[in-house]
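All heavy atoms count here, side chains included; hydrogens, waters and symmetry mates do not. As the structure is a computational prediction, the values presented were derived from the model and not from experiment.
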Amino acid sequence: MPNVSRERLAQLAAREQERFRRDHPRSEALFRRAQGSLLAGVPMIWMTRWAGSFPVFVDRAGGSRFVDVDGHEYVDLCLGDTGAMTGHTPPSAIEAVRAQMERGVTLMLPTEDAVWVGEELGRRFGLPYWQFTLSATDANRFAIRLCRHITGRPRILVYNGCYHGTVDETVISLEGGRPVPRRGSLGPPVDPALTTRAVEWNDPAALAAALQRGDVACVLAEPVMTNVGIVHPEPGYHEELRRLTRRTGTLLVIDETHTICAGPGGYTRAHHLEPDVLTIGKPIGSGVPSGALGCTQEVTERILASLVVRDSDVGGIGGTLAGNALSLAAMRATLAEVLTEEAFARMIPLGERLEQGVCGVIEAHGLPWHVQRLGCRVEYRFRPDPPRNGAEAAAAEDPELDELIHLYCLNRGVLLTPFHNMALISPATTEADVDRHTEVLGDAVRELLAG
Ligand SMILES: Cc1ncc(COP(=O)(O)O)c(C=O)c1O
């Protein structure tokens with residue numbers, strides 16, 4: 001198997017950085033100007049992590065593409081890290097949003113759309129009762145609070161390497177088997193080991209040991225890990241997770257925010273999971289801030305039985321704008337007309353095409369890499385076998401190679417999700433978009449191995 005020479009990698013990285021700067025003078029000028037008004041020159045600090053010495057500034061986006069302020073057009077396989085999995089500005093959602101804006105944005109009162117969306121989410125995911133939020137982070141935060149409230153238990157359990165948004169309890173990782181604040185955690189309110197147990201994915205014995213004391217309110221899990229690359233559950237793991245949570249009276253919260261890529265009812269419907277609570281956000285409002293959490297009949301009854309309605313506005317679950325008319329109109333249009341069964345029937349085969357393209361590049365060059373897919377989400381990694389858990393996935397990271405591939409693609413009009421090599425398909429993505437990525441990846445590898 002060929003090994004990538006570090007010297008060649010550094011040479012190419014320097015060349016690509018130079019090209020990036022040369023090609024993006026307007027983005028660079030905006031980035032410099034922003035140093036005077038934005039912390040670190042960006043709207044959110046993590047935007048400094050894009051490959052390239054500054055982020056490209058966007059002029060406009062539509063469908064599967066966007067154009068930057070220097071006039072370059074990109075095939076967008078990042079799609080706002082799933083926030084734009086609908087494609088940018090899908091016409092039917094934009095029309096519904098425009099119409100709703102003219103009829104009122106936020107009122108602290110329900111609209112008919114809320115009922116429609118609750119019914120549709122129930123049909124898709126099999127959970128009957130829903131609440132709405134403005135983000136997946138909030139859906140997870142509120143789910144955790146509700147689980148603590150009805151079980152009276154103090155802790156939660158998450159998986160090493162997980163990401164569920166900026167939820168304090170989940171910013172944790174395992175180091176040498178010990179739970180610690182995740183690297184980079186900014187000002188944790190308390191040591192997360194006090195609130196949270198963390199175990200490795202695909203390790204039923206560790207899960208059983210962590211739940212047996214009976215002090216865990218809920219397990220919060222993506223049904224397939226997607227934030228350390230794609231890490232599938234091993235056969236039988238979900239059955240064991242459900243059996244152990246039921247046996248110990250622990251609630252199971254499944255976060256479908258990314259795994260909605262598996263199909264219209266997410267991984268939950270595709271694999272007949274039976275969560276007590278389900279959370280989702282990002283794409284369900286076509287980019288308009290939206291999120292939701294759904295509960296079973298039993299969980300709902302337990303919540304209602306212990307709810308003091310008079311105090312429910314200050315009970316730690318809410319948000320003045322949560323459930324607003326605009327976000328519900330966006331969710332309705334997205335579910336009715338954008339992320340439909342027919343759309344997934346197009347998107348998933350395109351995901352397969354992307355997977356085959358990457359696989360072809362890996363095989364043609366005998367690279368010690370692999371590619372994974374979940375529905376219309378594809379991810380490649382620089383190790384021969386798929387990792388089994390977060391620790392194995394983290395150990396396989398190769399930041400220099402990762403950055404070079406991202407920058408090489410960016411310089412040739414293809415945007416991959418930052419932080420890992422993730423590519424997502426929207427209903428607007430075409431075969432030509434997918435093939436462009438395969439072609440550019442093939443060129444990158446050829447140049448890397450030519451050194
Ligand atoms: C699985 C999962 N859940 C929740 C979130 C949080 O989403 P948001 O940042 O939109 O609140 C993310 C964000 O990446 C995620 O990957």
Side-chain angles (χ1 to χ4, degrees), residues 38-39 43-47 61 80-86 88-90 92-122 125 127 129-147 149 163-170 189 253 255-258 260 277-295 300 303 307-339:
L38 305 179
L39 206 161
M44 261 287 137
I45 312 178
W46 50 258
M47 289 188 195
D81 193 12
T82 316
M85 196 182 104
T86 50
H88 298 288
T89 62
S92 44
I94 294 307
E95 194 40 55
V97 165
R98 188 177 290 126
Q100 187 59 50
M101 285 193 85
E102 286 171 4
R103 300 170 67 209
V105 171
T106 191
L107 302 112
M108 285 185 97
L109 287 168
T111 53
E112 186 188 335
D113 288 339
V115 188
W116 191 96
V117 174
E119 289 164 355
E120 174 62 11
L121 291 174
F125 294 109
L127 292 125
Y129 296 107
W130 293 84
Q131 289 281 280
F132 301 112
T133 63
L134 293 183
S135 67
T137 296
D138 270 356
N140 284 327
R141 286 202 302 116
F142 301 164
I144 290 170
R145 270 196 173 253
L146 288 169
C147 291
H149 176 69
Y163 187 72
H164 295 284
T166 54
V167 180
D168 290 328
E169 292 91 333
T170 64
V253 183
D255 180 348
E256 287 278 7
T257 302
H258 277 184
I260 181 73
V277 180
L278 185 144
T279 56
I280 188 164
K282 294 203 191 185
I284 58 164
S286 292
V288 174
S290 308
L293 62 127
C295 303
T300 305
I303 295 169
L307 189 76
V308 180
V309 174
R310 187 165 37 86
D311 298 330
S312 56
D313 56 331
V314 288
I317 289 182
T320 315
L321 301 182
N324 71 74
L326 186 68
S327 132
L328 264 307
M331 281 193 246
R332 179 175 184 164
T334 304
L335 293 169
E337 295 180 61
V338 187
L339 293 180

I want to check something: taking the side chain as every heavy atom from C-beta on, are [X] and [Y] in contact at a cut-off of under 4.5 Å?
| X | Y | result |
| --- | --- | --- |
| Tyr129 | Ile303 | no |
| Val97 | Gln100 | no |
| Trp116 | Leu335 | yes |
| Leu121 | Phe132 | yes |
| Val253 | Ile144 | no |
| Asn140 | Asp255 | yes |

Exercise: identify the closest heavy-atom pair between [X] and [Y]:
| X | Y | value |
| --- | --- | --- |
| Ala114 | Leu328 | CA-CD1, 3.6 Å |
| Thr137 | Gly165 | OG1-CA, 3.3 Å |
| Ala93 | Val338 | CB-CG2, 4.3 Å |
| Ser92 | Glu337 | CB-OE1, 3.3 Å |
| Ala96 | Ala333 | CB-CB, 3.6 Å |
| Thr320 | Thr106 | O-OG1, 4.4 Å |

Inter-residue atom distance [X].[atom1] - [Y].[atom2], 0.5 Å rounding:
| X | Y | atom1 | atom2 | answer |
| --- | --- | --- | --- | --- |
| Tyr163 | Thr257 | OH | OG1 | 11.0 Å |
| Thr86 | Ile260 | OG1 | CD1 | 11.5 Å |
| Ile317 | His149 | CD1 | NE2 | 8.5 Å |
| Arg141 | Thr170 | CZ | OG1 | 11.0 Å |

Would you say Lys282's side chain and Ala136's backbone share a donor-acceptor pair under 3.5 angstrom?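 Between the backbone of Ala136 and the side chain of Lys282 there is no qualifying donor-acceptor contact (under 3.5 Å).
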Whether the side chain of Asn324 engages the backbone of Leu321 through a donor-acceptor N/O pair (distance < 3.5 Å, no angle test) should be reported.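 Checking the backbone N and O of Leu321 against the side chain of Asn324, a donor-acceptor pair under 3.5 Å is found.
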Criterion side-chain contact (heavy atoms from CB on, under 4.5 Å) on Leu127 and Thr300, from CA distance to verdict: CA-CA 10 Å; Leu127 292 125; Thr300 305; over 6 Å; no
Test side-chain hydrogen bond (donor to acceptor under 3.5 Å, both in side chains) applied to Glu95 - qualifying residues, sequence neighbours left out: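 Testing Glu95 for side-chain hydrogen bond (donor to acceptor under 3.5 Å, both in side chains), a comparison that skips the adjacent residues, returns Arg98.
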Do Asp113 and Thr111 have side-chain atoms, one donor and one acceptor, less than 3.5 Å apart?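 Judged by distance alone, the side chains do not pair up.
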Is the number of heavy atoms from other residues, nucleotides or ligands within 6.0 Å of [atom1] ([X]) greater than 12?
| X | atom1 | value |
| --- | --- | --- |
| Gln131 | CD | no |
| Ile45 | CD1 | no |
| Leu39 | CG | no |

Side-chain polar contacts of residues 284-292 - donor-acceptor pairs under 3.5 angstrom, sequence neighbours left out - could you list them?
from: Ser286; atom 1: OG; to: Thr334; atom 2: OG1; distance (Å): 2.7
from: Ser290; atom 1: OG; to: Val288; atom 2: O; distance (Å): 2.6

